[in-house]
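Just follow the structure's listing: the first ligand is 1, and inside any ligand the first atom is 1. Counting begins at 1 with the first residue of the sequence.
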Amino acid sequence: MDTAIDTGIDWAQVRADFPLLTRQVHGKPLVYFDSANTGQKPECVIDATNDFYRRHNANVSRAVHALGSEATDAYEGARSKLARFFNVRSDELILCSGTTFAINLVAYSWALPRLQPGDVILISRMEHHANIVPWQLVAQRTGATIKVAELLPDGALDLNALYAQMTADVKLLALTHVSNVLGTVNPVTYICKEARKRGIVTVIDGSQAAPHMPVDIAAIGCDFYAVTGHKMSGPTGTGVLWAKREHIQAMPPFLGGGEMIKEVRFEGTVFNEGPHKFEAGTPNIAGFVGLGAAVDYLSSLGMAHIEAREQALLAHLTDALHSIDGLHIYGRAPRKAAVVSFAIDGVHSHDLATLLDLEGIAVRSGQHCAHPLLQWLGVGTTCRASLAFYNTHAEIDAFVAALHKVRKLLV
Ligand code: PMP
């Protein structure tokens, strides 16, 4: 089943690219179902990072020596690869530590100087804390208010209600592309079109979308798009903020220091232009070399193939979970990514995750950095099985068998 699906890709061969997946945990073969938390890394990413430190390590944009220019070329080369991957210009891509940093950058550099009392920031019920708390901090400091777009019972956004909420006082819409709890895929292209018509600036949290589907930022038509590198097979501490050029030009720097300046005098400083204006200090050079290798790897598989593969795994998992008595799945939107949050009647999700761990199975339990969503679901905590293309149908069967076993112990 794993070697012959319609993508024509040998997925067993692909899985073999991930050294960690051969591990045993508590004497059992590892089943890693926590990719929404962080993704595993293929050998080529590990090698690229390693090779940078072994053969090219130097700082970027500072030294004229050979290693300095090799490091700069490698770092800027990663920016170009990421730009191609997301179909945008590389001088509109700010390299940063992740989605949390990216959204905070927009909050501090775009929103803080602009918003005023009476302005509204629109977010949704399904946001990760990274797309809630920065806006609360901005609201506290500017006097703007936050309004929340609610969900339909299946976990899809209530689009009619959302459009009705896009009133003249809304200055900013901050929305996730894919929910990290429900898996819901939001129709961000349509939503951004509606927002544009009304002059609303859009920030899309692409943390859970970029690893799992083709993302053409230019086609989405947002103002800002944030991405997490470590969820898309890249190293931790890497991420990207794409911003429209007019915003890059108009926004003041977020952090001050080296690299982000053209000239510094005690009387005043001239800032760098383009994305470098927002990249103060030494960046995570080796991390971005690794992320460049990751997007090469993902492109070689094809994001549409990855999406098809994960949808097949999701269908199998969703179907198989029906066999577990008292199990409820949270999030059944018509378009969803391979994230399945669930709870079993009478069982605490931490107990469940702990016993699954003893079976070698890694799932996340808790509130998934989405407290307002969990409050709406009316469930204290859930377990979350989140899949990636390197998972297998056999792992899903092992997971469901383990669920039957541990449920009997806990109920
Ligand atoms: N948004 C969503 C939807 C996420 O799932 C996550 C990571 N759990 C984040 C933001 C935060 O991303 P990062 O780890 O890159 O800061």
Side-chain angles (χ1 to χ4, degrees), residues 32-41 82 86 93-108 123-137 148-149 151 155 157 173-186 188 191 202-213 215 220 222 224-242 254 283-284 287-288 290-291 294-295 310 330-331 333 335-341 362-374 376 381-388:
Y32 186 76
F33 280 1
D34 198 19
S35 292
N37 215 348
T38 195
Q40 294 304 342
K41 322 301 175 202
L82 285 157
F86 290 116
L93 272 191
I94 300 161
L95 304 187
C96 60
S97 63
T99 294
T100 304
F101 188 97
I103 295 174
N104 275 278
L105 198 164
V106 183
Y108 283 90
I123 61 175
S124 90
R125 169 66 63 180
M126 70 175 87
E127 298 313 313
H128 185 280
H129 295 162
N131 207 20
I132 301 174
V133 183
W135 308 120
Q136 290 176 326
L137 295 173
V148 178
L151 313 184
L157 255 185
L173 169 66
L175 181 67
T176 195
H177 193 164
V178 174
S179 161
N180 65 313
V181 178
L182 305 168
T184 306
V185 181
N186 288 317
V188 288
I191 295 170
T202 44
V203 183
I204 304 298
D205 172 352
S207 191
Q208 297 289 349
H212 304 295
M213 60 189 65
V215 172
I220 291 170
C222 51
F224 298 98
Y225 195 95
V227 171
T228 296
H230 68 86
K231 296 189 206 278
M232 45 188 293
S233 301
T236 51
T238 60
V240 172
L241 175 69
W242 173 81
F254 173 36
N284 182 358
F288 281 101
L291 186 57
V295 296
E310 293 181 0
Y330 298 93
R335 244 206 108 196
K336 68 173 278 185
V339 173
V340 179
S341 285
V363 295
R364 186 170 172 190
S365 62
Q367 300 192 64
H368 316 294
C369 299
H371 291 180
L373 176 58
L374 271 286
W376 179 81
T381 58
T382 67
C383 272
R384 181 185 70 182
S386 54
L387 310 181

Next on the checklist: Applying ring-ring contact (aromatic ring centres under 6.0 Å, His included), can you list everything that pairs with Y330, at least two apart in sequence or on another chain?
Outcome noted: none
Next on the checklist: Run the side chain to side chain contact (heavy atoms under 4.5 Å, CB included) test on M213 and V215 for me, step by step, so that the C-alpha distance in whole Å, both residues' side-chain angles and the decisive distance to 0.1 Å come before the verdict.
Outcome noted: CA-CA 6 Å; M213 60 189 65; V215 172; 4.2 Å; yes
Next on the checklist: Please output the residues near ligand 1 using a strict heavy-atom distance under 4.0 Å, listed in chain and residue-number order.
Outcome noted: G98, T99, T100, H128, A130, T176, N180, D205, S207, Q208, T228, H230, K231
Item to check | Candidate pair Y225 and H177, rule side chain to side chain contact (heavy atoms under 4.5 Å, CB included), full reasoning | outcome: CA-CA 9 Å; Y225 195 95; H177 193 164; 2.8 Å; yes
Next on the checklist: Taking the side chain as everything from C-beta on, heavy atoms only, tell me whether L182 gets closer than 4.5 Å to V339.
Outcome noted: no
Checklist entry - How would you list, by chain and number, every residue that makes a salt bridge (charged side-chain N to carboxylate O under 4.0 Å, His left out) with R364, sequence neighbours excluded? => result none
Donor-acceptor pairs under 3.5 Å, side chain of residues 227-237 to any protein atom, not counting sequence neighbours: which ones?
from: T228; atom 1: OG1; to: T99; atom 2: OG1; distance (Å): 2.6
from: T228; atom 1: OG1; to: S207; atom 2: OG; distance (Å): 2.7
from: H230; atom 1: ND1; to: T38; atom 2: OG1; distance (Å): 2.7
from: K231; atom 1: NZ; to: A36; atom 2: O; distance (Å): 2.9
from: K231; atom 1: NZ; to: N37; atom 2: O; distance (Å): 3.1

